[in-house]
Amino acid sequence: MNALDTVLTPIHRAGWPFIAIFGAVSLGLFFVWEPLGWAGLILTAWCVYFFRDPARTVPQRDGLIVSPADGVVQMIGMAVPPAELEMGPEPRLRISVFLNVFNVHVNRVPIGGVIGKSVYRPGKFLNAALDKASEDNERQAIRIDLPGGGQVAMTQIAGLVARRIVCTLREGQSVETGVRLGLIRFGSRCDVYLEPGMTPMVAVGSHTVGGETVIADRAATEPARAGAVR
């Protein structure tokens with residue numbers, strides 16, 4: 001990657017309509033009152049920043065599960081996967097990554113396999129930081145069937161200001177770890193449901209990079225990691 005690539009970060013195509021609207025409104029505001037126009041330009045620049053889509057270096061080893069999103073690990077605990085994924089009633093370890101409005105919002109596949117289920121469900125727009133957002137909010141639930149058996153799931157969850165989940169995956173599609181799967185517009189959250197018996201390799205409060213940060217390892221035998229703020 002050269003220096004120019006670090007400055008000219010690509011923009012996700014889903015963002016261009018929003019950028020165009022922000023820009024057009026800003027231009028109109030200049031005719032109303034110049035300070036409003038400048039404020040609009042600042043918001044347009046933020047919109048461009050929000051929809052950035054940087055390349056990521058994905059770890060290449062079988063069994064690694066990477067974070068599906070940039071953000072902060074907000075919760076780690078046992079939870080039943082969404083019923084629409086048909087993974088049974090038993091709780092699994094769930095890792096929740098919260099995205100604020102300054103994070104990259106392009107989401108990535110946590111582990112390679114075949115998309116066994118991909119189900120959209122409308123819902124509320126509660127604060128994504130709340131635990132009940134996993135159940136009540138608008139979401140896109142995805143089940144990944146792993147080679148040789150086993151399943152990992154993830155959900156894209158809309159937040160307080162998010163109003164649209166974009167997911168490009170289709171059932172039966174083969175995917176590789178870390179490939180782009182869509183995005184959530186504005187504040188949101190991603191949950192990952194691990195296989196039974198797996199332990200997390202991140203702690204609550206850990207910052208993650210989508211497609212790069214390893215959050216679990218199918219081959220790991222070590223206990224769950226603890227974290228200390230220093």
Side-chain angles (χ1 to χ4, degrees), residues 9-18 47 49-59 64-76 81-82 84-85 94-123 125 128-129 133-134 137-146 151-171 173-194 200 202 206-216:
T9 303
I11 304 300
H12 194 281
R13 62 183 181 181
W16 285 114
F18 289 87
C47 191
Y49 179 76
F50 177 87
F51 284 106
R52 66 199 186 281
D53 183 13
R56 293 288 160 78
T57 302
V58 181
L64 295 180
I65 300 175
V66 300
S67 176
D70 289 23
V72 176
V73 177
Q74 184 183 49
M75 290 180 283
I76 299 176
E84 60 266 29
L85 294 183
R94 182 183 69 192
I95 301 176
S96 300
V97 178
F98 178 76
L99 299 77
N100 65 37
V101 294
F102 298 105
N103 289 129
V104 172
H105 271 57
V106 176
N107 301 145
R108 293 175 179 265
V109 174
I111 188 170
V114 175
I115 305 302
K117 283 284 185 180
S118 181
V119 184
Y120 170 79
R121 199 202 74 170
F125 298 98
S134 293
N137 280 23
E138 174 188 359
R139 70 178 182 233
Q140 178 79 33
I142 301 158
R143 190 188 79 211
I144 304 169
D145 297 336
L146 306 179
Q151 298 172 330
V152 167
M154 70 160 287
T155 53
Q156 298 170 281
I157 302 171
L160 192 63
V161 295
R163 289 296 186 272
R164 185 73 175 95
I165 294 173
V166 177
C167 181
T168 59
L169 300 179
R170 62 185 185 279
E171 293 183 5
Q173 176 182 354
S174 295
V175 293
E176 296 180 350
T177 304
V179 298
R180 297 166 176 83
L181 64 86
L183 79 164
I184 316 172
R185 293 174 187 163
F186 310 108
S188 48
R189 179 173 135 196
C190 285
D191 289 344
V192 177
Y193 295 84
L194 303 178
V202 289
S206 297
H207 289 259
T208 63
V209 178
E212 291 191 359
T213 302
V214 175
I215 61 173

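Here the structure is a predicted model, which means the values were calculated and not measured. Residues: numbered from 1 along the sequence shown.
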Donor-acceptor contact present, side-chain N107 to main-chain A69, <3.5 Å: no

More than 12 heavy atoms of other groups within 6.0 Å of E171 CD: yes

Nearest non-hydrogen partners of C47 and F18, listed with the distance: SG-CB, 3.8 Å

Smallest separation among heavy atoms of I111 and V175, with atom names: O-CG2, 4.4 Å

P110 vs I215 side-chain heavy atoms within contact, under 4.5 Å: no

Distance (rounded to the nearest 0.5 Å) between S188 OG and N100 CG: 9.5 Å

Rounded distance (nearest 0.5 Å) linking atom CG of D70 with atom OG1 of T208: 6.0 Å

Whether R143 side chain and L85 backbone form a donor-acceptor pair below 3.5 Å: yes

Flag if over 12 foreign heavy atoms under 6.0 Å of CZ, F102: no

From OH (Y193) to OG1 (T155), nearest 0.5 Å: 5.0 Å

Nearest-0.5 Å distance, CD of residue Q140 to OG1 of residue T168: 9.5 Å

Candidate pair L181 and Q156, rule side chain to side chain contact (heavy atoms under 4.5 Å, CB included), full reasoning: CA-CA 10 Å; L181 64 86; Q156 298 170 281; 3.6 Å; yes

Derivation of the side chain to side chain contact (heavy atoms under 4.5 Å, CB included) call for V109 and E176: CA-CA 7 Å; V109 174; E176 296 180 350; over 6 Å; no

Least distance between heavy atoms, H105 atom then V101 atom: CE1-CA, 4.3 Å

Heavy-atom pair of closest approach, residues I11 and W16: CB-CZ2, 3.7 Å

Residue pair F51, R13: steps toward the side chain to side chain contact (heavy atoms under 4.5 Å, CB included) verdict: CA-CA 8 Å; F51 284 106; R13 62 183 181 181; over 6 Å; no

Under 3.5 Å donor-acceptor, T177 side chain and G112 backbone: yes

Q74 side chain vs S96 backbone, donor-acceptor pair below 3.5 Å: no

Minimum heavy-atom distance between P59 and V66, given as atom pair plus value: CD-CG1, 4.0 Å

Side-chain heavy atoms of C190 within contact of I184, under 4.5 Å: yes

Contact check, side chains of I142 and C167, non-hydrogen atoms, under 4.5 Å: yes

Main-chain N/O of V106 paired with R180 side-chain donor or acceptor, under 3.5 Å: no

Rounded distance [0.5 Å steps], OG in S206 versus CD1 in I95: 9.5 Å

Contact summary for A158 and I165, nearest pair of heavy atoms: N-CD1, 3.8 Å

Side chain to side chain contact (heavy atoms under 4.5 Å, CB included) assessment of I115 paired with R170: CA-CA 7 Å; I115 305 302; R170 62 185 185 279; over 6 Å; no

Cationic N near anionic O, under 4.0 Å, D191 to R139: no

Pairwise distance CZ(F50) to NE2(H12) - rounded to 0.5 angstrom: 11.0 Å

